[in-house]
Asks: 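Before we start, here is the structure in question, set down as structure tokens.
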2 protein chains.
Amino acid sequence: MNEKDKLIYDAKAKVLKALAHPTRLWMAEQLSDGERCVCEFADAVDADFSTISKHLAVLKQAGIVEDDKRGKQVYYRLKVPCVLKFMSCVEAVIESQVKTQAVLIE
Amino acid sequence: MNEKDKLIYDAKAKVLKALAHPTRLWMAEQLSDGERCVCEFADAVDADFSTISKHLAVLKQAGIVEDDKRGKQVYYRLKVPCVLKFMSCVEAVIESQVKTQAVLIE
DNA sequence: TGAATATATGGCAAAATAACCAAATGTAAT
DNA sequence: ATTACATTTGGTTATTTTGCCATATATTCA
């Protein structure tokens, strides 16, 4: 792994890291259905408002979402919708894990 | 987000988290080309042997890779190859980011 | 059996992340 | 202008992650 590779993999890992939190992942998936304002997330997620705001900032920083303010509210939407196509594969990993562990129990 | 959702998103995030490290991501991508023994990674990555071993353990724990020992060496391979299909999308995010930032500079 | 090689594990310190609270900012309504 | 509302930011603490070192384990070879 050379210097250039290092930069590339840092960048890729950063994107994955942004999605690698249950709340952020859930929010990203919600956005696949259309934009949402912060308050809508606040209603659904059991966490401080500031916590949610910070999670959204992480997604934004990673380039996964973009936002715009309309009136008093800030709306977030997916900037690169393909991020969610990956989820079917993540689910495949989980299923495979479940099967592996089921075998162990037998 | 109800209790069940919480469990589901925890599980999904765990898989993403496992990939969300430059070294682990690089190793996973290497494996898309076929199995590798730990020593091959050790040659290519500038890190302690034990560090590499731990990274591989994280990938294994997440169900992304599986290993088997043959002689003195342990070989790792992808268990669910689709994890890498996602990378084209991660790259799309990065490109989009680069463009966004390029605009800011102008 | 004993030495050498390949890998894993335990322990620890440093760095990064997460969540909360309180306070700041920006916008709209009175 | 003042107040209320929506969101962000700063500060702090607890938790998690990372990476190194030293040590343990397993396997092969002499």
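Each chain gets a letter, A, B and so on, in the order the sequences are listed, and its residues count up from 1.
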Asks: Does C/dA6 have OP1 or OP2 sitting under 4.0 Å from an N or O in the side chain of B/Tyr76?
Replies: no
Asks: Heavy atoms only: give me the nearest B/Gly63-A/Val93 pair and the separation to one decimal.
Replies: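 Looking at all heavy atoms of both residues, the closest pair is O-CG1, 3.8 Å.
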Asks: According to a strict under-4.0 Å criterion, is A/Lys17 in side-chain N/O contact with OP1 or OP2 of C/dT17?
Replies: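 So the side-chain polar atoms of A/Lys17 do come within 4.0 Å of the phosphate oxygens OP1 or OP2 of C/dT17, strictly under.
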Asks: Are there more than 12 heavy atoms of other residues, nucleotides or ligands under 6.0 Å from atom CG of A/Asp43?
Replies: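 Count over threshold, so yes.
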Asks: Would you call A/Lys60-A/Glu66 a salt bridge at under 4.0 Å N-O?
Replies: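 No, no charged N to carboxylate O under 4.0 Å.
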Asks: Within the structure, does a side-chain N or O atom of A/Thr51 lie under 4.0 Å from either OP1 or OP2 of C/dA19?
Replies: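 No, A/Thr51 has no side-chain N/O under 4.0 Å of OP1/OP2 on C/dA19.
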Asks: Between A/Lys54 and A/Val74, which residue's closest nucleotide on DNA chain D lies nearer the 5′ terminus?
Replies: A/Val74
Asks: Would you kindly give the CD-to-C1' distance between B/Gln73 and C/dA8, to the nearest whole Å?
Replies: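 In whole Å, C/dA8 C1' lies 15 Å from B/Gln73 CD.
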Asks: Decide yes or no on side chain to side chain contact (heavy atoms under 4.5 Å, CB included) for B/Asp67 and B/Tyr75, but give the supporting numbers first.
Replies: CA-CA 5 Å; B/Asp67 63 336; B/Tyr75 288 85; over 6 Å; no
Asks: Hey, does B/Glu91 have a side-chain heavy atom less than 4.5 Å from the side chain of A/Lys12?
Replies: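 A side-chain contact exists here, since the closest heavy-atom pair is under 4.5 Å.
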Asks: Encode nucleotides 22-30 of chain D as B, S and - characters from 5' to 3', where the letter depends on protein heavy atoms closer than 4.0 Å: B to the base, S only to sugar-phosphate, - to neither.
Replies: B---SBS--
Asks: State whether A/His55 places a side-chain N or O below 4.0 Å from either non-bridging phosphate oxygen (OP1 or OP2) of C/dT17.
Replies: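 Answer no for this pair, as no side-chain N or O of A/His55 is under 4.0 Å from OP1 or OP2.
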Asks: Taking CG from A/Asp10 and C1' from C/dA16, how many angstroms apart are they, rounded to a whole number?
Replies: 14 Å
Asks: Calculate the interatomic distance between B/Leu56 atom CG and D/dG19 atom P; express it in whole Å.
Replies: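 Result: 13 Å.
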Asks: Separation of A/Lys60 atom NZ from D/dT7 atom P, in whole Å?
Replies: 13 Å
Asks: More than 12 heavy atoms of other residues, nucleotides or ligands under 6.0 Å from CD of A/Gln61: is that the case?
Replies: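 Count not over threshold, so no.
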Asks: Does C/dA19 have OP1 or OP2 sitting under 4.0 Å from an N or O in the side chain of A/His21?
Replies: yes
Asks: In whole angstrom, give the distance that lies between atom CE of B/Met27 and atom C1' of C/dT7.
Replies: 13 Å
Asks: Rounded to whole Å, how long is the line connecting atom CG of A/Asp67 with atom C1' of D/dT7?
Replies: 11 Å
Asks: Would you kindly give the CZ-to-C1' distance between A/Phe49 and C/dA23, to the nearest whole Å?
Replies: 16 Å
Asks: Tell me: CZ of B/Phe41 to P of C/dA6, nearest whole Å?
Replies: 16 Å
Asks: For a quick test of reading the model, state the closest non-hydrogen atom pair linking A/Glu29 to A/Ser32 and the distance between them.
Replies: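 Reported closest heavy-atom pair: O-OG, 2.6 Å.
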